[in-house]
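Below you'll find the structure, written out as structure tokens, and then a few comments.
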2 protein chains.
Amino acid sequence: MAKKQLDIKAQADLTRAWAEADYAGVCPVRQTLDSVGDKWTVLVVLRLGVEKQRFLQLLRAVDGISQRMLTVTLRKLERDGLVRRTVLDTRPPTVEYELTVLGNSLLKPIGMLAEWAIENQPAMDAMRAAYDEGKN
Amino acid sequence: MAKKQLDIKAQADLTRAWAEADYAGVCPVRQTLDSVGDKWTVLVVLRLGVEKQRFLQLLRAVDGISQRMLTVTLRKLERDGLVRRTVLDTRPPTVEYELTVLGNSLLKPIGMLAEWAIENQPAMDAMRAAYDEGKN
DNA sequence: CAGCATCCCTCCGGATACTG
DNA sequence: CAGTATCCGGAGGGATGCTG
């Protein structure tokens, strides 16, 4: 109980700090959301969090992603320093992708988000269904 | 050290569980990302995590959001059961928005994401600049 | 105050075809 | 294998104007 109170307080402090801070320009949360909040980035990072992967492995592992979007996503992640791209000198070429230290640090928050999603998506579905029902 | 090892192992288990699970259809993480991963949802929830807010308060608090998108975002959050909308019987009307229990549960993961953003956005900016420099 | 309606334009991202 | 190039439809979302 005391533990939970502390958690709640810590959470309140965190959100308050975020809300009150003046970032003299662009809010870093908005900025990060622009980088990481697109359709595929989180899923690719989560997958790379499991283990180092090659291009086609990722293409098969991340369900529904197109070749084009995987390329675009990986390039952006590489540019942002979250993923390291290694070309092995073989024929045909082999390319490996793995998270950098920075990329790994992102794994914790988005891992929690994934955990939340798995746990609460059914509840959201139910709430949505109930809401729509009430509108009829 | 032993503590850190445990954290890493827990993280690995989490991501592996996510990756290996077969969701017989739509991945709940993708689904949640579709709901929550748009341009404004996270910022609105974070703000509501600080305290209950009225419409115009939110409009001013969430930097850059348009009236239209605030309305759309709040409707979606209400529909998904993350936000409760209360109309007070005054003239002119007063409407209050607050997180539900479900909405509050989302606050933890996205709060961590916000924390990560504030802490690591500068690093991402630096990596990006260095990457672009190397391409010239 | 708290919104809904409409217009309109950007750009995300899917499909497809081609290369080192 | 691991990409690049091009085309293009449709959704996301900003601006503006109007109401209970």
Side-chain angles (χ1 to χ4, degrees), chain A residues 26-27 29-45 47-48 51-80 83-98 131-132 134-135, chain B residues 26-27 29-45 47-48 51-80 83-98 131 135:
Chain A
V26 189
C27 168
V29 181
R30 257 277 28 129
Q31 209 177 334
T32 296
L33 255 34
D34 280 337
S35 292
V36 160
D38 63 276
K39 195 171 180 182
W40 299 110
T41 298
V42 168
L43 294 182
V44 170
V45 172
R47 187 68 215 186
L48 288 176
E51 55 185 346
K52 182 194 304 183
Q53 298 259 296
R54 296 173 53 183
F55 190 85
L56 280 193
Q57 285 182 305
L58 277 172
L59 194 61
R60 295 191 200 99
V62 181
D63 192 72
I65 197 172
S66 67
Q67 198 173 44
R68 172 188 146 80
M69 287 319 294
L70 180 56
T71 302
V72 170
T73 302
L74 286 171
R75 285 292 169 280
K76 186 174 54 58
L77 285 170
E78 191 192 359
R79 190 168 101 106
D80 292 345
V83 161
R84 177 171 29 258
R85 178 173 180 271
T86 310
V87 183
L88 301 177
D89 194 12
T90 57
R91 286 293 314 211
T94 303
V95 182
E96 284 180 347
Y97 293 92
E98 59 188 325
Y131 182 93
D132 291 346
K135 294 291 169 180
Chain B
V26 189
C27 167
V29 180
R30 252 297 25 174
Q31 210 178 333
T32 295
L33 254 34
D34 279 336
S35 290
V36 158
D38 62 277
K39 195 171 179 181
W40 299 111
T41 297
V42 168
L43 294 181
V44 170
V45 172
R47 187 68 213 185
L48 288 176
E51 54 185 346
K52 181 194 306 182
Q53 299 258 296
R54 295 174 51 184
F55 190 85
L56 280 193
Q57 285 182 303
L58 277 172
L59 194 60
R60 296 192 199 96
V62 180
D63 192 73
I65 197 171
S66 67
Q67 201 173 44
R68 171 189 147 81
M69 287 319 293
L70 179 56
T71 302
V72 171
T73 302
L74 286 171
R75 285 293 166 279
K76 186 174 53 61
L77 285 171
E78 191 193 357
R79 190 166 100 106
D80 291 346
V83 161
R84 175 169 35 256
R85 177 173 181 270
T86 310
V87 183
L88 302 177
D89 194 11
T90 58
R91 290 288 317 207
T94 303
V95 181
E96 285 180 347
Y97 293 92
E98 60 188 323
Y131 182 93
K135 295 289 168 180

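As the structure is a prediction and not an experimental result, all values here were calculated from the model.
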* To do: Please lay out, stage by stage, how B:Lys76 and B:Asp38 fare under the test side-chain contact (heavy atoms from CB on, under 4.5 Å).
  => CA-CA 11 Å; B:Lys76 186 174 53 61; B:Asp38 62 277; 3.5 Å; yes
Separation of D:dG13 atom P from A:Leu33 atom CG, nearest Å, is 11 Å
Smallest heavy-atom separation, B:Val87 atom then B:Arg85 atom, equals CG2-NH1, 3.7 Å
Side-chain atoms of B:Arg85 come closest, of C:dG14, C:dA17, C:dA2, to C:dA2
Under 4.0 Å, counting only non-hydrogen atoms across every strand here, what does B:Thr71 touch: a base, just sugar-phosphate, or nothing? sugar-phosphate
Residues A:Phe55 and A:Leu70: closest non-hydrogen pair is O-CD2, 3.5 Å
From CG of B:Leu70 across to P of D:dA15 the rounded distance in Å is 14 Å
Sorted by position of nearest nucleotide on DNA chain C, 5' first, the leading residue of A:Lys39 and B:Val95 is B:Val95
Check: Do the side-chain N or O atoms of A:Tyr97 get closer than 4.0 angstrom to the phosphate oxygens (OP1, OP2) of D:dC1?
Finding: no
Note to self: Quick one, A:Leu43 and A:Ile65 - any side-chain contact, counting heavy atoms below 4.5 Å?
What the structure shows: no
Q.
Once you apply a heavy-atom cut-off of 4.0 Å, does B:Arg91 come out as touching a base, just sugar-phosphate, or nothing?
A. nothing
B:Asp34 CG to D:dG12 C1', in whole Å, measures 13 Å
Taken to the nearest whole Å, CE/A:Met69 to P/C:dT16 is 17 Å
Shortest non-hydrogen pair, B:Glu98 vs B:Lys52, comes out as OE1-CE, 3.7 Å
In whole angstroms, the gap separating P of D:dG3 from CD1 of A:Ile65 amounts to 13 Å
Which of C:dA2, C:dG14, D:dC1 is nearest the side chain of A:Arg54? It is D:dC1
Winner on side-chain proximity to B:Phe55, out of D:dG13, C:dA2, C:dG14, is C:dA2
B:Asp89 atom CG is separated from C:dC1 atom C1', nearest whole Å, by 14 Å
Which of D:dA2, C:dA2, C:dG14 is nearest the side chain of A:Gln67? It is D:dA2
Within the structure, does a side-chain N or O atom of A:Arg75 lie under 4.0 Å from either OP1 or OP2 of D:dT4?
yes
Out of D:dG13, C:dA15, D:dC1, minimum distance to the side chain of A:Arg68 belongs to C:dA15
Separation of C:dC1 atom P from B:Leu58 atom CG, nearest Å, is 14 Å
When rounded to whole Å, the CG to P distance for the pair A:Leu88 and D:dG3 reads 11 Å
